[in-house]
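Report on the following structure.
Since this is a predicted model, take the numbers as computed values, not measurements.
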Amino acid sequence: MNVGFIGLGVMGQPMALNLSRAGTRLVVWNRTPERCEPLRAAGAEVAAGTTEVFRRAATVFLMLADETAVDAVLGRGTPDFAQRVAGRTVVHMGTTSAEYSRSLQGDIRAAGGRYVEAPVSGSRVPAERGELVGMLAGDDDAVAAVRPLLAPLCRETFVCGAVPGALLLKFSVNLFLIAVVTGLAEAFHFAERHGLDQHLLRDVLDAGPMASAVSRVKAPKLLERDFSVQAAAADVLKNNRLIAEAARKADLASPLLDVCHALYDETVRRGHGGEDMVAVLHALEARTAGAPV
């Protein structure tokens with residue numbers, strides 16, 4: 001059977017390419033048509049629209065920017081919705097609120113479809129290498145059917161119980177990621193302002209117990225002031241907001257997250273939302289300079 005893939009952005013395109021290269025019979029669509037061309041070259045079929053994807057595929061992966069985009073692709077709230085999802089498995093891989101995911105599952109079930117929540121941990125480079133970490137939530141039979149399809153995309157996958165367990169786990173992972181990268185940027189800013197050799201800082205970090213896959217990717221970007229996107233600052237801000245909302249709803253304190261939220265908001269407002277998350281360095285530098293937000 002064909003597998004559908006809708007949403008070929010920074011993450012979605014390499015994920016779909018890995019599926020196609022692994023031999024998956026893929027039918028793809030993206031709002032911006034030129035994003036489909038590498039998939040066509042890799043052997044995937046490009047659909048004329050979302051309706052065709054759902055007509056031809058029993059399982060459809062959605063890697064979309066936000067809740068509005070998911071609803072639009074599914075035709076949610078219109079007569080098209082039931083026609084698209086009935087008898088199919090919808091795999092929601094983007095990052096939305098937990099409440100939205102729970103509600104979407106209910107609507108898809110009511111229309112005769114199956115739903116799997118499957119967010120991933122990782123940015124563009126792990127996506128290109130097929131080294132993402134997948135988290136899955138949903139009915140056992142649906143999760144069991146979808147999990148093997150993720151093998152070309154993910155180094156490992158983990159079953160997280162009922163929806164929205166996978167999204168909440170991703171929020172936990174991303175809270176740690178955001179704090180780590182913000183701290184790393186502040187460390188490089190601190191060293192630079194003290195006249196230290198930032199190459200030496202990178203080498204010491206790499207040699208010591210603080211080194212990680214994240215630091216080894218992000219430290220060179222900070223060192224070279226390379227803000228080319230792997231995980232966009234605007235997307236980090238969106239994730240930060242979703243995590244903060246989930247924390248508030250659970251009456252949780254999140255002081256580190258709240259500071260990071262303010263810094264990424266400043267980063268985006270300064271025009272760096274399309275740059276990599278290490279562009280939070282701009283907000284730190286602006287604060288040091290006393291520049292108005």
Any side-chain to backbone donor/acceptor pair from [X] onto [Y]? Under 3.5 Å, distance only.
X	Y	result
Glu67	Ser97	yes
Asp80	Gly75	no
Arg248	Leu252	yes
Lys221	Ser228	yes
Asp276	Ala231	yes
Arg124	Val229	yes
Asn239	Asp235	yes
Asp265	Leu237	no
Ser215	Ala211	no

NZ/NE/NH1/NH2 to OD/OE distance under 4.0 Å, [X] and [Y]:
X	Y	answer
Glu245	Lys249	no
Arg269	Glu266	no
Lys238	Asp66	no

Open item on the list: Quiz question: by atom type and distance under 3.5 Å, do the side chains of His92 and Ser101 form a donor-acceptor pair?
Closed with: no

Open item on the list: Can you see whether Thr59 engages Arg114 through a side-chain donor-acceptor pair at a distance of less than 3.5 angstrom?
Closed with: no

Task: Shared hydrophobic cluster, Leu19 / Leu136 (ILVMFWY, side-chain heavy atoms < 4.5 Å) - done: yes

Task: Shortest non-hydrogen contact from Gly94 toward Pro119 - done: O-CB, 4.3 Å

TODO: Applying side-chain contact (heavy atoms from CB on, under 4.5 Å) between Leu104 and each of Val70, Val90, Val163, Leu62, report the one that passes.
DONE: Val70

Task: Heavy-atom neighbours of Glu37 CD exceed 12 at 6.0 Å - done: yes

